[in-house]
Amino acid sequence: MKAAYFNAYGGTEKVEIGEQPKPKVLAGQLRIKMQAASVNPIDWKTLNGDLKALIKPPFPIRLGSDGAGIVESIGENAGESIGENVTNFKIGDEVYFRCHKMDTGTFAEYFCVPAELVAHKPKNMSFIDAASIPLVGLTVLQSLKEKAGMTAGSKVLIHAGAGGVGTFAIQYAKACGAYVATTASKKRKTLLTKLGADEIIDYHNQAVENVLSDFDIVLDTLGESVHKASYKTLKQGGVLVSVLGIPDNETVADYDANFIVKLVARLHNRKMHRQAAKYGAKYKHHLMYANGAQLVEITKLIEAKKIVAIIDSTFPLDQVQAAFARSITGRSQGKIIITMNE
Ligand SMILES: NC(=O)c1ccc[n+]([C@@H]2O[C@H](COP(=O)([O-])OP(=O)(O)OC[C@H]3O[C@@H](n4cnc5c(N)ncnc54)[C@H](OP(=O)(O)O)[C@@H]3O)[C@@H](O)[C@H]2O)c1
């Protein structure tokens, strides 16, 4: 089967598109005939070698972290009940999923994934639209709901509202009854207003700390450069959840990281917590994880028309290099998609 992979860490020139063995479906797995998958910065960060300290699988490393497709084969036991909110699957079902963090490769004609990580594709979405959702959707649900404790009425600042995470986060927070402010360029205003943002801060001309105050939560998709200004927008006890930089100590402990990496993470996290405390706020880091039951929650919001897909551009499988180049610009609006069924 055709797949995107790499045999050495480096830039987009290291991406290869070629024949790879069709994966064998194991017990508890579904083999998906992939229709579309989304580009996430983690894909080209993995290619660069940025994640080597945490994950270092053998070459060739296949690319692609989420996607949508059709169930083509079911491993023994995969159809049995696997938990609340996780429905059973049959051959021909249209599904979407985020793969396990240790097992990438959705930029391919076929991909095998544990059934508990999969959900039925929203009925009102195409494969391209559905493929745009899993990684960013789960990131947002876990960051805002699980980590930050967002509830109806929470005041939430979402950085980079026009990005893949941001466009989903604005809609999700509004669907949960939050008040939403977001940072974006002026040209994104029409879209972000349509998605429900209550306040849009043109980050080229305005400083968030001069405009916002008494917020409950900041979702940081930009990194340490925005932390100090963000803390000034929070009320006492407010939470900044960052999805960038070094993961928290518990997350690092989950990986096969060496002593040095664990020590660096500990020191970094101590520094982050101290800085937050200076402003009377809390710092949390989140590294998203795959979860089929949470995807079912997201499906319900999509089918209730509370969340739509925002697609920046689509590229066929043999143009993964060009798709990565677009993502690396940091200027995409919504999601970049790889299509497998041209
Ligand atoms: N920890 C996790 O589990 C996790 C999960 C998902 C993503 N992430 C990380 O989160 C980051 C964002 O991901 P993404 O997929 O949303 O990226 P993305 O789609 O590439 O973000 C691009 C958007 O960012 C906006 N932007 C760039 N600089 C900005 C600034 N200074 N202020 C406001 N907006 C700005 C751009 O808008 P303009 O062109 O208008 O500036 C553009 O629309 C990535 O680094 C990714 O690796 C982490």
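For this chain, numbers begin at 1 and follow the sequence in order.
The heavy-atom pair separating Leu222 from Ala160 by the smallest distance is CD2-CB, 4.1 Å. When all heavy atoms are compared, the tightest approach of Tyr5 to Pro60 is CD1-CB, 3.8 Å. Summarising the geometry of Ser332 relative to Asp312, their closest heavy-atom pair is CA-OD1, 3.4 Å, with the distance given to 0.1 Å. Of all non-hydrogen atoms in Leu138 and Leu295, the two that sit nearest each other are CD2-N, 3.9 Å. Between Val261 and Ala53, the closest heavy-atom pair is CG2-CB, 3.8 Å. Residues Ile74 and Val25 come closest through the heavy atom pair C-CG2, 4.2 Å.
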Show your reasoning for whether side-chain contact (heavy atoms from CB on, under 4.5 Å) applies to Gln142 and Gln294.
-> CA-CA 9 Å; Gln142 293 160 6; Gln294 290 177 344; 2.7 Å; yes
Tell me, with the steps shown, if Glu109 and Lys2 meet salt bridge (Lys or Arg N to Asp or Glu O under 4.0 Å).
-> CA-CA 6 Å; Glu109 289 175 301; Lys2 209 159 129 187; over 6 Å; no
Please test Val71 against Ile32 for side-chain contact (heavy atoms from CB on, under 4.5 Å), starting from the C-alpha separation and ending with a verdict.
-> CA-CA 5 Å; Val71 177; Ile32 313 295; 4.2 Å; yes
Would you check, one step at a time, whether the test side-chain contact (heavy atoms from CB on, under 4.5 Å) holds for Glu297 with Lys145?
-> CA-CA 12 Å; Glu297 278 183 47; Lys145 219 170 144 184; 3.2 Å; yes
Hey, mind stepping through Ile311 and Ser132 against side-chain contact (heavy atoms from CB on, under 4.5 Å) and telling me if it holds?
-> CA-CA 7 Å; Ile311 306 299; Ser132 76; 3.6 Å; yes
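Separation of atoms CG (Leu157) and CD1 (Ile201) is listed at 6.0 Å; rounding is to 0.5 Å. Note that CD of Gln171 and NZ of Lys194 are 10.0 Å apart. Values are rounded to the nearest 0.5 Å. In this structure, OG on Ser143 lies 11.0 Å from NZ on Lys284, to the nearest 0.5 angstrom. One finds the CE atom of Met340 at 8.0 Å from the CD atom of Gln35 (value rounded to the nearest 0.5 Å). To the nearest 0.5 Å, atom NZ of residue Lys187 and atom CG of residue Leu192 are 12.0 Å apart. One distance of note links CZ of Phe324 with CG of Leu63; it measures 4.5 Å at 0.5 Å rounding.
Under the side-chain hydrogen bond (donor to acceptor under 3.5 Å, both in side chains) rule, Tyr179 has a single partner from Lys174, Lys155, Glu199, which is Glu199.
Counted by atom type alone, Thr183 and His159 present one or more donor-acceptor pairs between their side chains at under 3.5 Å. Remark: the Ser65 side chain and the Asp43 side chain contain an N/O donor-acceptor pair separated by less than 3.5 Å.
Residues Phe168 and Thr139 form no side-chain contact, since every pair of their non-hydrogen atoms from C-beta on lies 4.5 Å or further apart. The shortest distance between side-chain heavy atoms of His100 and Leu117 falls below 4.5 Å. A 4.5 Å side-chain heavy-atom check between Tyr255 and Lys101 finds at least one atom pair inside the cut-off. For the pair Leu54 and Pro247, the minimum side-chain heavy-atom distance is below 4.5 Å. Using a 4.5 Å heavy-atom threshold, the side chains of Leu195 and Val308 count as touching. Residues Phe107 and Leu317 have side chains in contact (heavy-atom distance under 4.5 Å, counting atoms from C-beta outward). Counting heavy atoms from C-beta outward, Ile133 and Lys335 have side chains that stay 4.5 Å or more apart. With a 4.5 Å cut-off on side-chain heavy atoms, Met125 and Ile302 count as touching.
Every side chain to side chain contact (heavy atoms under 4.5 Å, CB included) that Gln275 has, sequence neighbours left out, goes to His227, Lys228, Tyr231, Tyr279.
Clustering ILVMFWY residues whenever any of their side-chain heavy atoms sit less than 4.5 angstrom apart, transitively, puts Val113 in the very cluster that holds Val95. Ile61 and Phe111 fall within a single hydrophobic cluster, where Ile, Leu, Val, Met, Phe, Trp and Tyr side chains are chained together by heavy-atom contacts under 4.5 Å. The hydrophobic clustering, which links ILVMFWY residues whose side-chain heavy atoms are closer than 4.5 Å, places Leu240 and Ile170 apart. Following chains of ILVMFWY side-chain contacts shorter than 4.5 Å, one can reach Ile217 starting from Ile158, so the two form part of one hydrophobic cluster. Residues Phe215 and Val243 do not share a hydrophobic cluster, clusters being chains of Ile/Leu/Val/Met/Phe/Trp/Tyr side chains in contact below 4.5 Å.
In this pair, His120 and Phe89 present their aromatic rings tilted. The plane angle is within the 30 to 60° band. Between Tyr289 and His286, the two ring planes are perpendicular [angle over 60°; tilted spans 30° to 60°].
Taking the ring centre of Tyr110 as origin, the terminal cationic atom of Lys22 falls inside the region bounded by 6.0 Å and 45° from the ring axis.
Around the CG atom of Asp256, the shell of radius 6.0 Å holds no more than 12 heavy atoms that belong to other residues, nucleotides or ligands. A 6.0 Å sphere centred on NZ of Lys262 holds more than 12 heavy atoms belonging to other residues, nucleotides or ligands.
In summary, the aromatic rings of Phe59 and Tyr9 are positioned with their centroids under 6.0 Å apart.
Without hydrogens or angle criteria, Asn48 side chain to Asp50 main chain gives no donor-acceptor distance under 3.5 Å. At distances below 3.5 Å, at least one donor-acceptor pair connects side-chain atoms of Arg31 with backbone N or O atoms of Pro23.
One finds a salt bridge joining Glu94 and Lys121 here, because a Lys/Arg side-chain nitrogen approaches an Asp/Glu carboxylate oxygen to under 4.0 Å.
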For residues 202-210, tabulate all N or O donor-acceptor pairs below 3.5 Å that involve a side-chain atom, not counting sequence neighbours.
from: Asp202; atom 1: OD1; to: His204; atom 2: N; distance (Å): 3.1
from: Asp202; atom 1: OD2; to: Asn205; atom 2: ND2; distance (Å): 2.6
from: Tyr203; atom 1: OH; to: Arg331; atom 2: NH2; distance (Å): 3.4
from: His204; atom 1: NE2; to: Ser185; atom 2: OG; distance (Å): 3.1
from: Gln206; atom 1: OE1; to: Asp202; atom 2: N; distance (Å): 3.1

